[in-house]
Amino acid sequence: MMRTRPLKVALLGCGVVGSEVARIMTTHADDLAARIGAPVELAGVAVRRPDKVREGIPAELITTDATALVKRGDLDVVVEVIGGIEPARTLITTAFEHGASVVSANKALLAQDGAALHAAAEAHGRDLYYEAAVAGAIPLIRPLRESLAGDKVNRVLGIVNGTTNFILDKMDTTGAGYQEALDEATALGYAEADPTADVEGFDAAAKAAILAGIAFHTRVRLDDVYREGMTEVTTADFASAKEMGCTIKLLAICERAEDGASVTARVHPAMIPLSHPLASVRGAYNAVFVESDASGQLMFYGPGAGGAPTASAVLGDLVAVCRNRLAGATGPGESAYAALPVSPMGEVVTRYHISLDVADKPGVLAQVATVFAEHGVSIDTVRQQGKDGEASLVVVTHRASDAALGGTVEALRKLDTVRGVASIMRVEGE
């Protein structure tokens, strides 16, 4: 039997995502009520610009005083889609203190202060849900937190930023340079006017921290994630990748060590074989591979950003939180019992593709091979091309630690026959 008294929902932020949340709450009100077991009512919307026209939202619901809104005391759920650290952090904790559960899409805040927010939610007996924080409409957090709760996740590998994937896809398929591809992404609305958070990997790193924490039952903060942007990727890198039967993607990689005693989380460009499913992820789409003991390989694919897709994830969380509210229960909270250490990047083991500019004369290859051997880095393949006294030497290694590779490159730079290191890129996905 459906309860007639509505559950009251406050919305913090009414931009691209927030306006879609409000629209869906209105247009799908009957369906949401049927799925929850009670109607939901939009009780207030906090915005920065109250004079902006917002279709479908009554003017009396608009306020610029977000603090007063979350302190009302009669709210069941607060939906936070304003982003950033403050005032979002204070508003969320205040909502818990005044009896509301929270649904958030704030990846930066969750990656930085997720443990404190979970603790605040638990202290007040409230829910904190954030499916929309990682991959837009793609169901990812709930499967990791609930569906795979009985399994052991060993690796999460994926494309979690649509802007960077669009840029790299354009460079791969059209031969465009980085700036040309970025300009197109900006014109189409995929990239912000300041794309730093995307192209330098900050956005993906925040998502990697969240995913690693859930997957490995360990607290992983943004500062624990190694981050490398993709602004230095060139058309020459794509040409080299194609010669290896690969393409280049900006990947978020979260791994459990082989001995199970530690974890790593990193974001960087990498070459992946064209045979790997992630290689075929085009445009602004996201895709994430999850590898676990019992389930094997699972792939989650779909639009990772945008107003409607992200709002879909928000509404999914809203339904779950409202159901919990009616049942007088809470859903899964933080699971950090494993408390595994996060290893530094120097201990990460992977393959590498190194392109060197060298003198075109006898003995160069032998010198280079000696340096690799002295640092314990095994060479898989070597390709050399030379003309007019100059040459390029491309070395692909077997698996080696990042620290060992770093020492190798430092030693290579000291060779008189090595003019420079043109590029270094990791090779993943095998």
Next on the checklist: I'd like to know if Glu228 pairs up with Arg426 as an ion pair, taking the criterion as any Lys NZ or Arg NE/NH1/NH2 lying under 4.0 Å from an Asp or Glu carboxylate oxygen.
Outcome noted: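 Arg426 and Glu228: salt-bridged.
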
Item to check | Pairing of Arg89 and Glu86 as salt bridge, 4.0 angstrom limit | outcome: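 A salt bridge links Arg89 with Glu86.
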
For a 4.5 angstrom cut-off between non-hydrogen side-chain atoms, does [X] reach [Y]?
{"X": "His268", "Y": "Met425", "value": "no"}
{"X": "Val79", "Y": "Val81", "value": "yes"}
{"X": "Pro195", "Y": "Leu182", "value": "yes"}
{"X": "Glu20", "Y": "Val314", "value": "no"}
{"X": "Phe372", "Y": "Thr370", "value": "no"}
{"X": "Val288", "Y": "Lys207", "value": "no"}
{"X": "Val377", "Y": "Thr397", "value": "yes"}
{"X": "Ile424", "Y": "His353", "value": "no"}

Any side-chain to backbone donor/acceptor pair from [X] onto [Y]? Under 3.5 Å, distance only.
{"X": "Thr218", "Y": "Phe216", "result": "yes"}
{"X": "Asp76", "Y": "Cys322", "result": "no"}
{"X": "Thr310", "Y": "Gly307", "result": "no"}
{"X": "Thr174", "Y": "Lys170", "result": "yes"}
{"X": "Arg54", "Y": "Lys52", "result": "yes"}
{"X": "Ser312", "Y": "Ala137", "result": "no"}
{"X": "Thr163", "Y": "Ala185", "result": "no"}
{"X": "Asp113", "Y": "Leu110", "result": "no"}

Write down the atom of [X], the atom of [Y], and the distance for their closest heavy-atom approach.
{"X": "Leu32", "Y": "Ile24", "value": "CD1-O, 4.1 Å"}
{"X": "Val394", "Y": "Ser355", "value": "CG2-OG, 4.1 Å"}
{"X": "Leu11", "Y": "Gly18", "value": "CD2-O, 3.4 Å"}
{"X": "Ala66", "Y": "Ala46", "value": "CB-CB, 3.7 Å"}
{"X": "Leu157", "Y": "Gly429", "value": "CD2-CA, 4.4 Å"}
{"X": "Val233", "Y": "Tyr178", "value": "O-CB, 4.1 Å"}

Working to the nearest 0.5 Å, report the span between [atom1] of [X] and [atom2] of [Y].
{"X": "Met244", "Y": "Thr381", "atom1": "CE", "atom2": "OG1", "value": "6.0 Å"}
{"X": "Leu250", "Y": "Met230", "atom1": "CG", "atom2": "CE", "value": "6.5 Å"}
{"X": "Thr164", "Y": "Ile248", "atom1": "OG1", "atom2": "CD1", "value": "12.5 Å"}
{"X": "Ile159", "Y": "Ile272", "atom1": "CD1", "atom2": "CD1", "value": "5.5 Å"}
{"X": "Leu278", "Y": "Phe289", "atom1": "CG", "atom2": "CZ", "value": "6.0 Å"}
{"X": "Asp357", "Y": "Leu393", "atom1": "CG", "atom2": "CG", "value": "10.0 Å"}

Item to check | Aromatic ring pairing His217/Tyr337, orientation class (parallel under 30°, perpendicular over 60°, tilted between) | outcome: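 Rings of His217 and Tyr337: tilted, 30 to 60°.
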
Take atom [atom1] in [X]; do more than 12 heavy atoms of anything else shown fall under 6.0 Å from it?
{"X": "Arg383", "atom1": "CZ", "answer": "yes"}
{"X": "Asp293", "atom1": "CG", "answer": "yes"}
{"X": "Glu243", "atom1": "CD", "answer": "yes"}
{"X": "Glu146", "atom1": "CD", "answer": "yes"}

Item to check | side chain to side chain donor-acceptor pair (under 3.5 Å) between Thr330 and Asn324, intermediate numbers included | outcome: CA-CA 5 Å; Thr330 55; Asn324 292 343; over 6 Å; no

Flag for [Y]-[X]: side-chain donor and acceptor within less than 3.5 Å:
{"X": "Ser343", "Y": "Ser262", "answer": "yes"}
{"X": "Ser240", "Y": "Asp237", "answer": "no"}
{"X": "Asn161", "Y": "Asn286", "answer": "no"}
{"X": "Ser104", "Y": "Asn106", "answer": "no"}
{"X": "Asp151", "Y": "Ser295", "answer": "yes"}

Checklist entry - Under the 6.0 Å and 45° cation-pi test, does Arg227 pair with Phe202? => result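 Yes.
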
Next on the checklist: The test is salt bridge (Lys or Arg N to Asp or Glu O under 4.0 Å); show your working for Glu334 and Arg219 and say whether it passes.
Outcome noted: CA-CA 9 Å; Glu334 183 188 32; Arg219 288 178 178 169; 2.9 Å; yes

Item to check | Verdict with reasoning, Met299 to Val290, per side-chain contact (heavy atoms from CB on, under 4.5 Å) | outcome: CA-CA 6 Å; Met299 182 172 175; Val290 177; over 6 Å; no

Checklist entry - So Thr247 and Met271, side-chain contact (heavy atoms from CB on, under 4.5 Å) or not? Walk me through it. => result CA-CA 5 Å; Thr247 188; Met271 294 182 180; over 6 Å; no

According to the salt bridge (charged side-chain N to carboxylate O under 4.0 Å, His left out) rule, which pairs have a member within [range], sequence neighbours left out?
{"range": "residues 261-289", "result": "Asp169-Arg282, Asp172-Arg282, Glu255-Arg266, Arg266-Glu428"}
{"range": "residues 301-323", "result": "Arg142-Asp317"}
{"range": "residues 121-131", "result": "none"}

Item to check | side-chain contact (heavy atoms from CB on, under 4.5 Å) between Glu184 and Phe166, worked out | outcome: CA-CA 9 Å; Glu184 183 175 352; Phe166 178 89; 4.1 Å; yes

Item to check | Pair His398 + Tyr352: ring centers closer than 6.0 Å | outcome: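 Ring-ring flag for His398/Tyr352: false, centres at least 6.0 Å apart.
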
Next on the checklist: Leu211 vs Val220, test: side-chain contact (heavy atoms from CB on, under 4.5 Å). Steps then yes/no.
Outcome noted: CA-CA 9 Å; Leu211 291 173; Val220 180; over 6 Å; no

